[in-house]
Amino acid sequence: MKNKLVVTDEMFFDQVRTYISDPDSLAMIRKAYEYAREKHKEQFRKSGEPYFVHLQNVGYILATLHAGPQTISAGLLHDTMEDCNVPKEEIAREFDMDVANLVEGVTKIGRLAFNDDKEYEAANHRKIFIAMAKDVRVIIIKLVDRLHNMRTLEYTSKESQVRKASETLQVYCPIAHRLGFGDIKNELEDLCFYYLDPVHYHEVASLVEAKKRERQRMVDKMINEIADMLKEHNFKFRIFGRSKHLYSIYKKMTTKNKRFDEIFDLYAIRVVTQTELNCYEILGYIHAKYRPMPGRLKDYIAMPKVNMYQSIHTTILDADGNIFEVQIRTEEMDSIAEQGIAAHWSYKEGRLYNSEKEQKEIENKLSWYHDMIAMMDESELEHPSEMLNTIQKDIFEANIYVMSPKGRVIELPNGATPLDFAYRIHTEVGHNAIGSIVNGALVPLNTQLKTGDIVQIRTSKQATGPSEDWLKIVKTSHAKNKIKNYLIKVEEEKRKEIIAKGEKILSDEIKKRNLEEKAAFDKASIEKVAGMFNLSSYNDLLYAIGMKSVSMVQVMEKLTNQKRSALEGFDISRLFRGNRRTRPAGRTGLQVEGVDNMKISIAGCCMPVYGDEIVGYITKGQGVKVHRRDCPNIRGQQSRLINVRWEEDDTTKQYDCWLKIDASDRSYLISDIVTVVAQYKAGLMGINSEVLPDKVNVTVDLKVRVNNSDQLHLLMTNIRKIDSVVGVERIIK
Ligand code: MN
């Protein structure tokens, strides 16, 4: 391909001396030049040339951009760290820290493996690239390095050509564009076009070639006309035709869906003059002579593009209707358009380069700005107003970029630690992390990472795993969630173990007592017993048994008691024994939650029995009265209510309550009711019946004494089954 430039020693130093005269600076550059030649002397490029040719070229291009002595030196030395194992310290010692930092920066971004990384979009790659580079000079060296590699890409394999070219097109070209390196960007784009789409490249190239002569004639004619006119008005200016590069023609053809003729027939002319005022004056003369196309005047002098591009663009028609785009700008604007920031530093500080210090100052001023440019999308370059949001967003949500030893880039929030990194690599890497190596040094897992750090995680199968403390170390919600999930799982595992243990204790106990496991101790009855301990499920009870927070004796008592009351057969003799226990009902068996020695008694109105849902009511002077939760007497008394619960029961405790039975009157009704009460082993404490005025219906009030609410409900269910009984309910007095 084109651009086969052979750089000689003489050419290189002549170029440097066009703008650098300081002897110390020249000495440093000469030393770097010889040092690189010596270090790479055993190495050859794929082309067969000595490797040093690459460095000569990089240095030369940097010199054409008027880069400073440190930048040129670093450009010459940029491959010594990676390819010759020269340590950073040596470069710092032989040259200076600035040069060493630049070489290190270039080496680091050289390790980025964009192609293996499907995780990020091209826009992110650019962001990463810029953030990694930090110093804008590193980016410039890297761009120039890439430019020369692209110029000599023909010597590499087809596969490598495509890989390099697509990376260049996605990452390097936009950065060159954003930094205002118009020339480099255009050349890179054409080289990429050549390797990525040779068919179309040759098609466009031959079309351009075929039209060249005709086109040249047309442009020359217009240039002469304008030049004559401007000379008449005593302007100092340069005027020349400008050829569009091939890739931009092709892009316009495809994206704007235009024919080659339509694009290529737009002839481009550039007028470069002295002052801004000249630019506007020249625009005036041109518009006076030629018809401008409406809507095509763009004033980037008054409104520069974000990449500092300044110029006036207008489109005019000649007498034959040919269309010309004319760009009018000053010399400085032209340099900025072609060389970007490099032009900026040499122009703002006087035409000639002064010192590296001045250069640094300008860069510092511009660095934030260039970082922001790197963050922006293509479209935003044209609309500076949209830039503000982006800048603010990026300042406040600043991210860092770190790498795995293989060059995989991981984007993390500011303040992130190796543990965040570990979880991003893989959940298991996170869970098994025991330490980390950052830039070759062993560091604790809570170390704050910085952009450019190379992070490695040490793992072990014997790792203790995530703990609560880790939640304080990690910054990303991704890692937080993984750790939380892990901790929850561990809890669940532990709980499962304890439940299994509880189940074993229970079944052993059942066997020990020679009780039949399946029939008597089904899940439902155990669940009921759980309720008596204020536990909400079968598993909760087993867990409590496993943790030994309830006593097995009590559990078995409740279980057997419950079975007895529910399943034992009818024994009428109980009726005659009266089934009265010695202990009076209505005292204790109750506890106010969290309070001991509280005077507590059962309310006379709703008369709760063991197992009812209850609540305490704080009376004036009579302690706590325990009501059923649905008792109407406590409704609206929220402030006086207090939680109470049934104490662990002993089976001797019994509770009285009133039932009201509605029935149609018949003979033996009362006798049948009394029989059922006896049948279900309730104590009969009082009975009172009244025939209603209609002489048909009867109500029976019944005071019964029971062990618990289950027994009571069973009793009520069976009373309801008695012939002619219509309903039964508990009375609230
Ligand atoms: Mn290189």
Side-chain angles (χ1 to χ4, degrees), residues 1 3-7 12 15 29 32-65 67 70-88 90-91 94-95 99-115 125 129-130 132-157 160-161 163-169 171-173 175-176 179 181 184-185 187-188 191-192 195 342 403 407 452:
M1 265 202 75
N3 280 316
K4 260 296 159 60
L5 187 70
V6 178
V7 178
F12 172 75
Q15 180 59 39
I29 293 168
Y33 193 82
E34 293 308 329
Y35 187 90
R37 198 203 306 264
E38 173 64 22
K39 286 286 171 189
H40 292 282
K41 71 178 175 209
E42 307 288 332
Q43 296 162 5
F44 293 88
R45 305 202 87 209
K46 294 238 166 66
S47 61
E49 294 170 312
Y51 195 86
F52 181 61
V53 170
H54 170 59
L55 306 160
Q56 273 178 310
N57 273 274
V58 169
Y60 179 77
I61 300 168
L62 284 169
T64 63
L65 294 172
Q70 268 83 356
T71 310
I72 292 184
S73 300
L76 291 165
L77 301 169
H78 81 269
D79 281 327
T80 52
M81 246 184 213
E82 187 75 11
D83 296 343
C84 314
N85 294 318
V86 175
K88 184 182 175 186
E90 187 177 323
I91 297 173
E94 295 289 329
F95 301 91
V99 174
N101 283 330
L102 291 174
V103 173
E104 185 189 45
V106 176
T107 306
K108 264 190 182 174
I109 41 179
R111 288 188 188 134
L112 288 172
F114 289 122
N115 283 293
H125 284 148
F129 187 97
I130 301 279
M132 291 276 298
K134 278 181 241 167
D135 190 326
V136 73
R137 295 173 299 170
V138 169
I139 300 172
I140 293 166
I141 296 169
K142 197 64 206 165
L143 278 175
V144 170
D145 174 42
R146 179 53 61 103
L147 176 62
H148 186 248
N149 284 334
M150 285 299 294
R151 281 180 183 174
T152 53
L153 201 59
E154 62 191 289
Y155 301 105
T156 63
S157 70
S160 150
Q161 285 172 352
R163 187 160 43 80
K164 282 266 182 228
S166 66
E167 183 184 278
T168 302
L169 195 61
V171 180
Y172 289 80
C173 292
I175 289 172
L179 293 180
F181 292 98
I184 292 180
K185 181 211 131 206
E187 190 183 338
L188 283 176
L191 285 161
C192 295
Y195 287 108
M403 279 190 291

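Atoms within each ligand, like the ligands themselves, are counted from 1 in listed order. Hydrogens, waters and symmetry mates play no part in the numbers below; they use all other heavy atoms, side chains included.
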Could Glu154 and Lys46 be called an ion pair, given the rule that one side-chain N must be under 4.0 Å from one carboxylate O? no
Could you pull out the atom name of the N/O/S atom in Asp145 that is nearest the Mn ion (ligand 1)? OD1
Quick check: does His54 put an N/O/S atom under 2.8 Å from the Mn ion (ligand 1)? yes
Are Gln56 and His148 side-chain neighbours, meaning at least one heavy-atom pair lies under 4.5 Å? no
With rounding to 10 degrees, His78 NE2, the Mn ion (ligand 1) and Asp79 OD2 define an angle of 80°
Hey, do the aromatic rings of Phe52 and Phe44 have their centres closer than 6.0 Å? no
Which of Leu169, Thr156, Leu153 passes side-chain contact (heavy atoms from CB on, under 4.5 Å) with Lys164? Answer is Leu153
